[in-house]
S.K.: 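Let me give you the structure first, and then I'll get to my questions.
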Amino acid sequence: LNLRSRIPFGYGFIQQKETTPELIGTNLGLNVAFSLAGLLLVGLTSPVIYALSKSKDMGQPWLVVWIALALASSGIIDSVANTASALLNREFFFGWPSLANSIAFPISYIPALILALRGWGAWSLLAQNIVYIILQVIFLVVIARRKVPHLWSMRWRFDWPLARHLLRVGFTVSIGSLASYLVGTF
């Protein structure tokens, strides 16, 4: 459950005139908060996930729960990559996040293939996801620190009024996307 993609407050981040310490800190804070909320939601619904996977005869229902929790946990790490990518995009370094993803993605399959060949099953898929996120964070943070060093020397702060604005923009975009989907579907 990636709640961050459901409420795309990054649109509000991009629309701001200046990249301030409050903007960066608030964006990172919202990313982490929504990732934690997703983890909490998976944790709260884990009995339902367990029951559904048991009723569907999916083998080991506890395995499904642990993988869901691990995937939700990886979103917290991904919050850092999301913020670094947004900083690069905001400063018009659009190609760098794509390059980082293009390098991290194939490399992340190496441990997945090794684990799959050794019979680790679903854990190999989880390993691919986690290795991809970790590599993405490393690459994007290193690139962002080199391309926009002045942004890293700022003292980032969370700002509640700015958070409300970013969320308002995100909710508006989400509602517009949902309306567009419904009109196009029906």
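Scope of the values below: all heavy atoms of this structure, side chains included, with no hydrogens, waters or symmetry mates.
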S.K.: For T45 and V42, indicate whether the former's side chain and the latter's backbone hold a donor-acceptor pair under 3.5 Å.
M.R.: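 Here the side-chain-to-backbone pair exists.
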S.K.: How long is the straight-line distance from CD1 of I138 back to CD1 of I134, given to the nearest 0.5 Å?
M.R.: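 Answer for the CD1-CD1 pair, I134 versus I138, is 7.0 Å.
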S.K.: Are the side chain of N31 and the backbone N or O of N27 linked by a donor-acceptor pair below 3.5 Å?
M.R.: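 Looks like yes, one N/O pair under 3.5 Å.
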S.K.: Find out if a path of hydrophobic residues (ILVMFWY) with successive side-chain heavy-atom gaps under 4.5 Å connects I143 to L151.
M.R.: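 Cluster IDs for I143 and L151 match.
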S.K.: Can you tell if the side chain of S74 reaches within under 4.5 Å of the side chain of N129, non-hydrogen atoms only?
M.R.: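 They are in side-chain contact.
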S.K.: Please tell me whether V65 and L63 are part of a single hydrophobic cluster in this structure, the criterion being side-chain heavy atoms less than 4.5 Å apart.
M.R.: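 In one cluster: yes.
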S.K.: Side chains of H150 and V148, heavy atoms from C-beta outward: is any pair under 4.5 Å?
M.R.: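 They are in side-chain contact.
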S.K.: Membership question, hydrophobic clusters at under 4.5 Å side-chain separation (ILVMFWY): are W123 and V131 in the same one?
M.R.: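 In one cluster with V131: W123, yes.
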S.K.: Does W120 CH2 have over 12 foreign heavy atoms under 6.0 Å away?
M.R.: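 Count not over threshold, so no.
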S.K.: Any idea which heavy atoms bring P97 and S85 closest together, and the distance?
M.R.: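 Scanning both residues, the minimum pair turns out to be CB-OG, 3.6 Å.
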S.K.: Please step through side-chain contact (heavy atoms from CB on, under 4.5 Å) for the pair M154 and W152, ending with a clear verdict.
M.R.: CA-CA 5 Å; M154 296 177 171; W152 293 87; over 6 Å; no
S.K.: Please list, chain by chain and in numerical order, all residues satisfying salt bridge (Lys or Arg N to Asp or Glu O under 4.0 Å) with R146, sequence neighbours excluded.
M.R.: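 Result, salt bridge (Lys or Arg N to Asp or Glu O under 4.0 Å) vs R146: none returned.
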S.K.: Would a line drawn from the ring center of W160 to the ring center of F158 be shorter than 6.0 Å?
M.R.: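 Yes, ring centres under 6.0 Å apart.
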S.K.: Sort out for me which residue in L28, L30, V32, L140 forms a side chain to side chain contact (heavy atoms under 4.5 Å, CB included) with T83.
M.R.: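 The option that passes is L28.
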S.K.: Quick one: does T172's side chain get under 4.5 Å of Y11's, heavy atoms only?
M.R.: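 Counting from C-beta outward, T172 and Y11 never come under 4.5 Å.
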S.K.: Should we say atom CZ of F94 is surrounded by more than 12 heavy atoms from elsewhere, each under 6.0 Å from it?
M.R.: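 Correct, the count exceeds 12.
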S.K.: Considering only heavy atoms from C-beta outward, does the side chain of N89 approach that of F13 to under 4.5 Å?
M.R.: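 A side-chain contact under 4.5 Å is absent here.
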S.K.: Verify side-chain contact (heavy atoms from CB on, under 4.5 Å) between L135 and I107, making sure each step is shown before the conclusion.
M.R.: CA-CA 9 Å; L135 289 174; I107 293 172; 3.5 Å; yes
S.K.: With rounding to the nearest 0.5 angstrom, report the CD1 to CG distance, I133 to N82.
M.R.: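 Between atom CD1 of I133 and atom CG of N82 there are 11.0 Å.
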S.K.: Take Q128 and L113, measure what side-chain contact (heavy atoms from CB on, under 4.5 Å) needs, and give me the verdict at the end.
M.R.: CA-CA 9 Å; Q128 183 277 328; L113 290 171; over 6 Å; no
S.K.: Could you give the distance from CZ (R164) to CG (D159), rounded to the nearest 0.5 Å?
M.R.: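 These two atoms lie 8.5 Å from each other.
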S.K.: Which pair of non-hydrogen atoms, one from V137 and one from I77, has the smallest distance, and what is that distance?
M.R.: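 Result for this residue pair: CG2-O, 3.3 Å.
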S.K.: Linking I/L/V/M/F/W/Y whenever any side-chain heavy atoms sit under 4.5 Å apart, do L40 and I67 land together?
M.R.: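 No, it is not one cluster - the side chains of L40 and I67 are not joined through contacts under 4.5 Å.
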S.K.: Under 4.5 Å between side-chain heavy atoms, hopping through other hydrophobics if needed: is there a path connecting F34 to V80?
M.R.: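 Yes, because F34 and V80 connect within a single hydrophobic cluster, where side-chain heavy atoms sit under 4.5 Å apart.
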S.K.: Check S124 against A116 and note the closest heavy-atom contact, atom names and distance.
M.R.: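 Between these two residues, the closest heavy atoms are CB-N, 3.5 Å.
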S.K.: Side chains of R155 and P21, heavy atoms from C-beta outward: is any pair under 4.5 Å?
M.R.: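 Heavy-atom side-chain distance check fails, nothing below 4.5 Å.
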S.K.: If I compare all heavy atoms of P106 with all of S102, which pair ends up nearest, and what's the gap?
M.R.: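 Distance-wise, the nearest heavy atoms are CD-O, 2.9 Å.
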S.K.: Can you list the residues that meet the side chain to side chain donor-acceptor pair (under 3.5 Å) rule with T19, with sequence neighbours excluded?
M.R.: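 For T19 the side chain to side chain donor-acceptor pair (under 3.5 Å) partners, ignoring immediate neighbours, are R90, E91.
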S.K.: So for atom CH2, which belongs to W66, do other residues, nucleotides or ligands contribute more than 12 heavy atoms lying within a distance under 6.0 Å?
M.R.: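 Atom CH2 in W66 is not packed in, count stays at 12 or less.
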S.K.: Go through the steps for D78 and Y132 under the test side-chain contact (heavy atoms from CB on, under 4.5 Å), then give the verdict.
M.R.: CA-CA 10 Å; D78 191 39; Y132 172 70; over 6 Å; no
S.K.: Can you find a pair of side-chain heavy atoms, one from L99 and one from F93, that are under 4.5 Å apart?
M.R.: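 No, every pair of side-chain atoms sits at 4.5 Å or beyond.
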S.K.: Could you tell me whether a side-chain N or O of S46 sits under 3.5 Å from a main-chain N or O of G43, the two making a donor and an acceptor?
M.R.: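 Yes: the side chain of S46 pairs with the backbone of G43.
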S.K.: List the residues meeting side-chain contact (heavy atoms from CB on, under 4.5 Å) with S73, not counting sequence neighbours, and say none if there are none.
M.R.: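 By the side-chain contact (heavy atoms from CB on, under 4.5 Å) rule, S73 matches L39.
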S.K.: Decide yes or no for T20 and I24: does some side-chain heavy atom of the first lie under 4.5 Å from some side-chain heavy atom of the second?
M.R.: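 Sidechains of I24 and T20: no contact.
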S.K.: Donor-acceptor pair, W96 side chain versus L88 backbone, under 3.5 Å?
M.R.: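 No; judged by distance alone, with no hydrogens or angles, the pair does not exist.
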S.K.: Is the shortest heavy-atom distance from the side chain of F139 to the side chain of N101 under 4.5 Å?
M.R.: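 Answer no - side chains too far apart.
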